Amino acid sequence: MENKANQDKQFLLDQRYLKMASVWAQNSYCKRRQVGALLVKDKMIISDGYNGTPSGFENNCEDENNTTFPYVLHAEANAITKVAKSNNSSEGATLYVTSSPCMECSKLIIQAGIKRVVFYDNYHKTDGIDLLRKAHIEVLQVELEA
């Protein structure tokens with residue numbers, strides 16, 4: 001019975017952190033898609049990120065044809081590089097992200113030692129999720145409560 005209670009508690013935490021990531025996504029200046037990410041370890045948020053341009057660049061993510069500039073960073077990459085600049089370690093952490101990771105971000109997730117990825121919206125490709133599963137990283141898609 002205790003295991004079921006722990007699972008229910010974890011599910012509630014997963015939903016809450018995902019809601020927080022969706023609020024954080026609103027900081028993005030990208031017009032096509034706003035994505036937010038939180039890195040959580042031992043029930044503490046150790047990093048956050050949203051998709052956008054590198055530091056020092058104008059906050060424009062798309063050109064006049066609504067095509068995303070190639071230098072725009074994904075939310076996961078921003079959260080991972082932000083924690084790399086801190087005194088925290090992402091080893092064993094959970095990444096909460098509003099959209100499933102792409103292939104490039106999945107490689108960063110693996111290298112950062114993140115052990116769990118929770119998301120609610122599907123990216124247009126599944127190769128990133130496939131890679132995470134191949135690396136034995138727990139991947140969980142959760143519906144966001146209204």
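A quick note: this is a predicted structure, and the numbers were derived from the prediction, not measured.
Among all heavy-atom pairs drawn from A79 and A37, the shortest one is CB-CB, 4.3 Å. Of all non-hydrogen atoms in G128 and S106, the two that sit nearest each other are O-OG, 2.9 Å. Closest non-hydrogen pair, A93 versus L39, comes out as CB-CD2, 3.9 Å. Minimum interatomic distance between G36 and A25 (heavy atoms only, all atoms of both residues): N-CB, 3.3 Å. Scanning both residues, S47 and K82, for their nearest heavy atoms gives OG-CB, 3.4 Å. In terms of heavy-atom proximity, I137 sits nearest to I114 at CD1-O, 3.4 Å.
Listed for the E62 side chain is a donor-acceptor partner under 3.5 Å among the backbone atoms of R32. Here the side chain of D63 pairs a donor or acceptor atom with the backbone of N65 at under 3.5 angstrom.
Side-chain contact between K115 and H136 is absent, with no heavy-atom pair separated by less than 4.5 Å. Between T53 and N60 the shortest side-chain heavy-atom distance does not fall below 4.5 Å. Under the 4.5 Å side-chain criterion, counting only non-hydrogen atoms from C-beta, T94 is not in contact with K41. The shortest side-chain heavy-atom distance between V117 and E138 does not fall under the 4.5 Å cut-off. Using a 4.5 Å heavy-atom cutoff, the side chains of P54 and L73 are in contact. Put simply, the side chain of I45 reaches to within 4.5 Å of the side chain of M20, judged on heavy atoms. Counting only heavy atoms from C-beta outward, the side chains of T81 and K85 never approach each other to under 4.5 Å. F119 has its side chain within reach of I129: a pair of non-hydrogen atoms, C-beta onward, lies under 4.5 Å apart.
Between R116 and D14, at least one side-chain nitrogen of the basic residue sits less than 4.0 Å from a carboxylate oxygen of the acidic one, meeting the salt-bridge criterion. Residues D130 and K134 are not paired through a salt bridge, judged by the lack of any N-O separation under 4.0 Å between the basic side chain and the carboxylate.
A distance of 10.5 Å separates CG in L108 from NE2 in H74, rounded to the nearest 0.5 Å. With rounding to the nearest 0.5 angstrom, the CD atom of E58 is 11.5 Å from the OH atom of Y29. Atom-to-atom distance recorded for Q111:CD and K107:NZ is 10.0 Å, nearest 0.5 angstrom. In this structure, D8 CG and L13 CG are separated by 11.0 Å, a value rounded to the nearest 0.5 Å. Q7 contributes atom CD, which lies 6.5 Å from atom NZ of K4 (distance to the nearest 0.5 angstrom).
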Next on the checklist: Evaluate L132 against I110 for side chain to side chain contact (heavy atoms under 4.5 Å, CB included), listing each step before the verdict.
Outcome noted: CA-CA 7 Å; L132 292 175; I110 293 165; 4.0 Å; yes
Next on the checklist: Go through it in stages, so that I can follow the logic: the residues are Y50 and V35, the test is side chain to side chain contact (heavy atoms under 4.5 Å, CB included), and I'd like the CA-CA distance, side-chain angles, deciding distance and then a yes or no.
Outcome noted: CA-CA 6 Å; Y50 49 88; V35 180; over 6 Å; no
Item to check | Check against side chain to side chain contact (heavy atoms under 4.5 Å, CB included), I80 and I109 | outcome: CA-CA 8 Å; I80 290 167; I109 290 165; 3.9 Å; yes
Next on the checklist: Evaluate Y123 against R33 for side chain to side chain contact (heavy atoms under 4.5 Å, CB included), listing each step before the verdict.
Outcome noted: CA-CA 11 Å; Y123 187 62; R33 184 176 200 157; 4.1 Å; yes
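Residues satisfying the side chain to side chain contact (heavy atoms under 4.5 Å, CB included) criterion with D127, sequence neighbours excluded, are M103, K125. For the ring pair (Phe, Tyr, Trp, His ring centres under 6.0 Å) test, residues two or more places apart in sequence or in another chain that qualify with F57 are Y71.
Crowding of D42 atom CG: a count of heavy atoms from other residues, nucleotides or ligands under 6.0 Å not exceeding 12.
Each of L38, V83, V40 was checked for a side-chain contact (heavy atoms from CB on, under 4.5 Å) with I46, and the lone residue meeting it is V83.
Listed by first then second residue, pairs satisfying disulfide bond (SG atoms under 2.5 Å apart) with a partner in residues 6-47 read C30-C61, not counting sequence neighbours.
Relative ring orientation between Y17 and Y96 is described as tilted, the plane-to-plane angle lying within the 30° to 60° band.
V142 and V97 are members of different hydrophobic clusters when ILVMFWY side chains are connected at heavy-atom separations under 4.5 Å.
Inspection of the T98 and D121 side chains reveals no N or O donor paired with an N or O acceptor under 3.5 Å.
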